[in-house]
Amino acid sequence: MISVQLSVAPLPAMIAFSPAVVESSLHQRLLSAARPATCTRNHLLKQNRFTGDSLRISTRSRTRSRSRSQQAPFTNCFSGDQGAARMDSQEDRIAKIASTIRVIPDFPKPGIMFQDITTLLLEPKAFKDTIDLFVERYKGKNISVVAGVEARGFIFGPPIALAIGAKFVPLRKPNKLPGEVISEEYSLEYGTDVMEMHIGAVEAGERAIVMDDLVATGGTLCTAVKLLERVGVRVVECACVIELPELKGRDRLGDIPLFVLVKAAGI
Amino acid sequence: MFAAENGLRGDPRLQVISEAIRVVPDFPKPGIMFQDITTLMADHKAFKHTVDIFVERYRDMDISVVAGVEARGFMFGPSIALAIGAKFVPLRKAGKLPGEVISESYVLEYGTDCLEMHVGAVQLAERALIIDDLVATGGTLFAAIGLLERAGAEVVECACVIGLPEVKGKFRVNGKRLYVLVEPRQIDDCC
């Protein structure tokens, strides 16, 4: 049996939605502007970042997996641009999406609580809602590139690209892309890795979003941004299904806005 | 079977798709003419045609699972799954999936590799479609079919954007129906 406890925050949290409406209309202008002022954008983001209601959701074991399935508490992180009128519907969708994500303890190593999105992909409505939430945000914003990070970025990026009329550009591990590439090295906890993009995949002046399933420290997303900026592309925003706020990826991205659907505790 | 032999002869979308694919000679090694679908995904119209053709074919076949082979199968499978209301199941290289998995080995030119699927991703008697960008020998598809059948699913068809000459004239790969959009481009075809 699934029991869903929604702890609805008292009135002050409702007031917190108002800044989201203000932010959303301003943010909409920023997304569609060719060259938003960096300092203005930073100011707005710091002022209007909010987390919505907390959801505590207990789940049934979804598979026959030996590993315990459990949910870390998720917080809504809705900063959409549709305004208060659609707030309930979007919150419902995000709550459902959050409830489908499976947490696998101690993967890939002890102490890590792995956020498994494959269970989200098993729920057609939740998967569709996930894509729709990004499409609603980016459609009509003159974004011509959706860059997806291998491999889980390949699952979410192409449907979004198709729906908003953009090209999809895969950012891959070394030696996977067959043509001429540019490469960017980045640090891992132990050692380094390399991310590559085809030369000619994008043109200078194009507006792009970078898509991945999850942002933790922000290292991967920052590398993706660097690759795109090196060839003159403007990265309008990074987009992920899940953020692990404790790992401060948002700070590491600095100037580049980050949009996520849910926040989770990863450690 | 090729799409052109199965109701889509003369469909102009097939030519758009074919022309959007780039051939890269001698990758990953000398003598291989690599069929690069990244140029297809960078061409919105061609990419949309690709997904549309598969969706038109599968939307009424009562398919509840689209299984995509890592990593290029991930680029096509989810869009098809979303459009036909099916779940998407990633089939991944060893060690990538975090939960309990079943594994199937397959033979490469040199050595073997392994494909994995999460336990519980598919249910008994579900009707499944397998997607990959390209079929050559069919070894990867063979492993994918194995995984789905072991989990009790019925593999309705395998679908690929490109089919190498080995599969021309063939309607099945390892007993399962095969559906392919285009043949590989030759280097002379490219501008």
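FYI, side chains are in, hydrogens and waters are out, and symmetry mates aren't considered; it's all heavy atoms of this structure. Quick note on labels: first sequence line is chain A, next is B, and so on, each numbered from 1.
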Trainee: Sort A:Ile131 into side chain, backbone, both or neither according to what part of it lies under 4.5 angstrom from a heavy atom of chain B.
Mentor: side chain
Trainee: Check this for me: B:Glu56, atom CD, are more than 12 non-hydrogen atoms of other residues, nucleotides or ligands nearer than 6.0 Å?
Mentor: yes
Trainee: Quick check: closest heavy atoms across B:Arg92 and A:Ala151, and the distance to 0.1 Å?
Mentor: NH2-CB, 3.4 Å
Trainee: Is chain A contacted by the side chain of B:Ala81, its backbone, both, or neither, given a heavy-atom distance below 4.5 Å?
Mentor: neither
Trainee: Look up atom OG1 in B:Thr38 and atom CE in A:Met197, then write down how far apart they are to the nearest 0.5 Å.
Mentor: 11.0 Å
Trainee: Counting only heavy atoms closer than 4.5 Å, note whether A:Phe154 contacts chain B via side chain, backbone, both or neither.
Mentor: both
Trainee: Any side-chain heavy atom of B:Val89 sitting closer than 4.5 Å to one from A:Leu121?
Mentor: no
Trainee: Just verifying a value: how many Å separate B:Lys87 NZ and A:Leu120 CG, rounded to the nearest 0.5 Å?
Mentor: 13.0 Å
Trainee: Just grab all the ring-ring contact (aromatic ring centres under 6.0 Å, His included) pairs involving residues 13-45 of chain B, residues at least two apart or on different chains.
Mentor: B:Phe27-B:Phe34
Trainee: At a heavy-atom distance under 4.5 Å, which candidate from A:Pro108, A:Ala161, A:Ala201, A:Ala166 has the highest pair count against chain B?
Mentor: A:Ala166
Trainee: Which heavy atom of B:Gly99 sits nearest a heavy atom of A:Arg102, and at what distance?
Mentor: CA-NH2, 3.9 Å
Trainee: When rounded to the nearest 0.5 angstrom, what is the spacing between NE2 in A:His198 and OG1 in B:Thr39?
Mentor: 8.5 Å
Trainee: Side chain, backbone, both or neither: which part of B:Val101 has a non-hydrogen atom closer than 4.5 Å to chain A?
Mentor: neither
Trainee: Using heavy-atom distances under 4.5 Å, tell me whether A:Pro170 contacts chain B through its side chain, its backbone, both, or neither.
Mentor: side chain
Trainee: With chain A as the partner, which of B:Val65, B:Leu82, B:Asp26 has the greatest number of non-hydrogen pairs under 4.5 Å?
Mentor: B:Leu82
Trainee: Closest heavy-atom contact between A:Pro178 and B:Asp36?
Mentor: CG-CG, 3.6 Å
Trainee: Are the side chains of A:Ile155 and B:Met75 in touch, meaning some heavy atoms are under 4.5 Å apart?
Mentor: no
Trainee: With rounding to the nearest 0.5 angstrom, report the CZ to CD distance, B:Arg72 to A:Glu150.
Mentor: 9.5 Å
Trainee: Please look at A:Lys125 and chain B and tell me whether the side chain, the backbone, both or neither of the residue comes under 4.5 angstrom of a heavy atom of that chain.
Mentor: neither
Trainee: Let me know if B:Lys45 has heavy atoms under 4.5 Å from chain A in its side chain, its backbone, both or neither.
Mentor: neither
Trainee: What is the distance from atom CE of B:Met41 to atom CG of A:Leu162, rounded to the nearest 0.5 Å?
Mentor: 10.0 Å
Trainee: Check whether any side-chain heavy atom of B:His118 lies under 4.5 Å from a side-chain heavy atom of A:Thr119, and answer yes or no.
Mentor: no
Trainee: So, using side-chain hydrogen bond (donor to acceptor under 3.5 Å, both in side chains) as the criterion, who are the partners of A:Asp213 when residues are at least two apart?
Mentor: A:Arg152
Trainee: Which atom names give the shortest non-hydrogen contact between B:Pro78 and A:Phe127, and what distance separates them?
Mentor: CB-CZ, 3.8 Å
Trainee: Could you state the interatomic distance from CG (B:Leu97) to CZ (A:Phe107), rounded to the nearest 0.5 Å?
Mentor: 7.5 Å
